[in-house]
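Every chain is numbered from 1 and lettered A, B, ... according to where its sequence line falls, protein lines coming before strand lines.
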There are 2 protein chains.
Amino acid sequence: MARAPRLGPYICGIDAALDVVSGKWKGLILWELDAHGVRRFAELRRGLPGVSEKMLTQHLREMETDGLVHREVYAEVPPRVEYSLTEHGRTLNRALAPLGAWGVERIRREGHETVDAAEPSHL
Amino acid sequence: MARAPRLGPYICGIDAALDVVSGKWKGLILWELDAHGVRRFAELRRGLPGVSEKMLTQHLREMETDGLVHREVYAEVPPRVEYSLTEHGRTLNRALAPLGAWGVERIRREGHETVDAAEPSHL
DNA sequence: CAGCATCCATAAGGATACTG
DNA sequence: CAGTATCCTTATGGATGCTG
């Protein structure tokens, strides 16, 4: 099953925003889709080293429900499904930019380990 | 025990930033401390309706470890402890502002329920 | 290819009682 | 006042196998 419909009320805007980006891969999914415009399931999977099929599917479904991601299914054999960001997804991604910059600073400051992405860098 | 020292490497800045604000009350703790400058344990508790002592203590300790919060203990009877933000805490809070604004928009858009804060509003 | 179903391990959060 | 300690429930994420 997916995420339960969030029981209590939100306390503030941060709370409401964090609710839709919390999840191990959601920030990265947002980044991938924003960078490439459109991605198929398998492409997305390759872009997120270590993600399981289950988690990728689950996160994509939740983000679809939250109005961040658009899912386009083509009735072909073999099946093809393309994911892209909605306008809300794009604005969220822009709102996340300063946070990402802060995070990069934190990594640099504390000398955390990072992964080497095949594509140049998300940093 | 508190949070484990985070096993894997960070994938991107968002990832590294989310790691320190994930936790049911952390965004709000940041907000409270930024708004008031200095808060005692009990004041903080009143500002976070519904938080348990355990979670508040735990979150504060993690945020201290992450260099976001400063904890000042006064050797008095009865004991007094004051919490405030470090410079890193303040910059994080600023980086969170656009996300908070996005969240407020989302609440408005989707008609989510919110709590009525005693103090004017976190929204 | 793009998934769904099932089972399982760990992490996050909460309730309650007690203390320097 | 400002916490600890303990026990318990739920949420999150992962492994594996199967399917239209």
Side-chain angles (χ1 to χ4, degrees), chain A residues 1-8 11 15 18-29 32-33 38-66 69-84, chain B residues 1-11 15 18-29 32-33 38-66 69-84:
Chain A
M1 186 187 37
R3 176 186 51 179
R6 167 81 191 208
L7 302 90
I11 298 170
D15 195 14
L18 251 25
D19 189 37
V20 303
V21 283
S22 293
K24 195 163 174 178
W25 307 93
K26 288 190 182 177
L28 207 46
I29 291 173
E32 278 281 323
L33 291 180
V38 172
R39 296 253 96 175
R40 297 184 59 174
F41 188 84
E43 292 175 319
L44 228 27
R45 210 186 159 189
R46 279 189 290 274
L48 277 46
V51 72
S52 67
E53 287 181 355
K54 173 189 156 183
M55 288 315 301
L56 183 52
T57 304
Q58 191 173 304
H59 280 166
L60 286 168
R61 289 296 177 289
E62 290 175 7
M63 293 171 80
E64 201 189 342
T65 300
D66 288 330
V69 162
H70 174 70
R71 180 170 181 263
E72 188 73 40
V73 183
Y74 297 88
E76 304 173 354
V77 178
R80 180 162 60 105
V81 178
E82 288 183 345
Y83 293 93
S84 56
Chain B
M1 191 185 36
R3 174 185 50 179
R6 166 84 190 209
L7 302 87
Y10 290 119
I11 298 170
D15 195 13
L18 250 25
D19 189 36
V20 303
V21 284
S22 292
K24 194 163 174 180
W25 308 92
K26 288 191 181 175
L28 205 47
I29 291 174
E32 278 281 323
L33 290 180
V38 172
R39 295 255 96 175
R40 298 184 57 174
F41 187 84
E43 292 176 321
L44 228 26
R45 211 187 158 187
R46 279 190 291 275
L48 278 46
V51 73
S52 67
E53 287 180 356
K54 171 189 156 182
M55 288 316 299
L56 183 52
T57 303
Q58 191 173 303
H59 280 168
L60 285 169
R61 289 293 179 287
E62 291 175 6
M63 294 171 80
E64 202 189 340
T65 299
D66 288 330
V69 162
H70 174 69
R71 181 170 181 261
E72 188 72 39
V73 182
Y74 297 87
E76 303 173 357
V77 179
R80 181 162 59 105
V81 179
E82 289 183 345
Y83 294 92
S84 56

K.L.:
Once salt bridge (charged side-chain N to carboxylate O under 4.0 Å, His left out) is applied, do any residues pair with B:Glu43, and if so which ones, sequence neighbours excluded?
P.N.:
B:Arg39
K.L.:
Just compare D:dG14, D:dG3, C:dG3 and give me whichever is closest to any side-chain atom of A:Trp25.
P.N.:
D:dG14
K.L.:
In whole angstrom, give the distance that lies between atom CG of B:Leu48 and atom C1' of C:dG14.
P.N.:
15 Å
K.L.:
Side-chain N or O of A:Arg40 less than 4.0 angstrom from OP1 or OP2 on C:dC1?
P.N.:
no
K.L.:
Roughly how far, to the nearest 0.5 Å, is CZ of A:Phe41 from CG of A:Leu56?
P.N.:
4.0 Å
K.L.:
Compute the bend angle of the helix from C:dC1-D:dG20 to C:dG20-D:dC1 from the end axes (five pairs per end), rounded to 10°.
P.N.:
50°
K.L.:
Report yes if at least one side-chain N or O of A:His59 is closer than 4.0 Å to OP1 or OP2 of D:dG13; otherwise report no.
P.N.:
yes
K.L.:
For the pair made of CD in A:Glu43 and P in C:dC1, what is the distance, rounded to whole Å?
P.N.:
12 Å
K.L.:
If I take atom CG in residue A:Leu60 and atom C1' in nucleotide C:dG3, what distance separates them, rounded to the nearest angstrom?
P.N.:
11 Å
K.L.:
Taking OP1 and OP2 of C:dG14, is either one under 4.0 Å from a side-chain nitrogen or oxygen of B:Lys24?
P.N.:
yes
K.L.:
Atom CG in A:Leu44, atom OH in A:Tyr83: separation rounded to 0.5 Å?
P.N.:
8.0 Å
K.L.:
With sequence neighbours left out, which residue pairs that include part of residues 46-56 of chain B fulfil the salt bridge (charged side-chain N to carboxylate O under 4.0 Å, His left out) condition?
P.N.:
B:Arg45-B:Glu53
K.L.:
Can you list everything that forms a side chain to side chain contact (heavy atoms under 4.5 Å, CB included) with B:Val77? Sequence neighbours excluded, please.
P.N.:
none
K.L.:
Between atom CD in A:Glu82 and atom P in C:dC1, what is the gap in whole Å?
P.N.:
15 Å
K.L.:
Here's a test of your reading of the structure: between B:Tyr83 and A:Met55, which maps to the more 5' nucleotide of DNA chain D?
P.N.:
B:Tyr83
K.L.:
Give the rounded distance in Å between these two atoms: CZ of A:Phe41 and P of D:dG20.
P.N.:
18 Å
K.L.:
Name all residues meeting the side chain to side chain donor-acceptor pair (under 3.5 Å) criterion together with B:Arg40; count only those two or more places apart in sequence or in a different chain, and write none if there are none.
P.N.:
none
K.L.:
With sequence neighbours left out, what residues match B:Thr65 under side chain to side chain contact (heavy atoms under 4.5 Å, CB included)?
P.N.:
none
K.L.:
Could you check A:Gly23 against B:Pro78 and say which one's nearest nucleotide on DNA chain D is further toward the 5' end?
P.N.:
B:Pro78
K.L.:
Tell me: CZ of A:Arg45 to P of C:dA2, nearest whole Å?
P.N.:
11 Å
K.L.:
Find every protein N or O atom lying less than 3.5 Å from an N or O atom of nucleotides 4-9 of chain D, and list the pairs.
P.N.:
unit_1: D:dT4; atom_1: OP1; unit_2: B:Arg61; atom_2: NH2; d: 3.3
unit_1: D:dT4; atom_1: O4; unit_2: B:Glu53; atom_2: OE1; d: 3.3

K.L.:
Check salt bridge (charged side-chain N to carboxylate O under 4.0 Å, His left out) between A:Glu76 and all other residues, then give those that pass, not counting sequence neighbours.
P.N.:
A:Arg80
K.L.:
For a side-chain contact (heavy atoms from CB on, under 4.5 Å) with A:His59, tell me which candidate from A:Ile29, A:Leu28, A:Val51 qualifies.
P.N.:
A:Ile29
K.L.:
Rounded to whole Å, how long is the line connecting atom CD of A:Gln58 with atom C1' of C:dA2?
P.N.:
16 Å
K.L.:
For B:Lys24, give me all partners under salt bridge (charged side-chain N to carboxylate O under 4.0 Å, His left out), at least two apart in sequence or on another chain.
P.N.:
none
K.L.:
Nearest of D:dG14, C:dC1, C:dG20 to any side-chain atom of B:Pro79?
P.N.:
C:dG20
K.L.:
Hey, is the side chain of A:Arg80 poking within less than 4.0 Å of OP1 or OP2 on C:dA2, counting only N and O atoms?
P.N.:
no
K.L.:
From CZ of B:Arg46 over to P of D:dA2, roughly how many Å is that when rounded to an integer?
P.N.:
9 Å
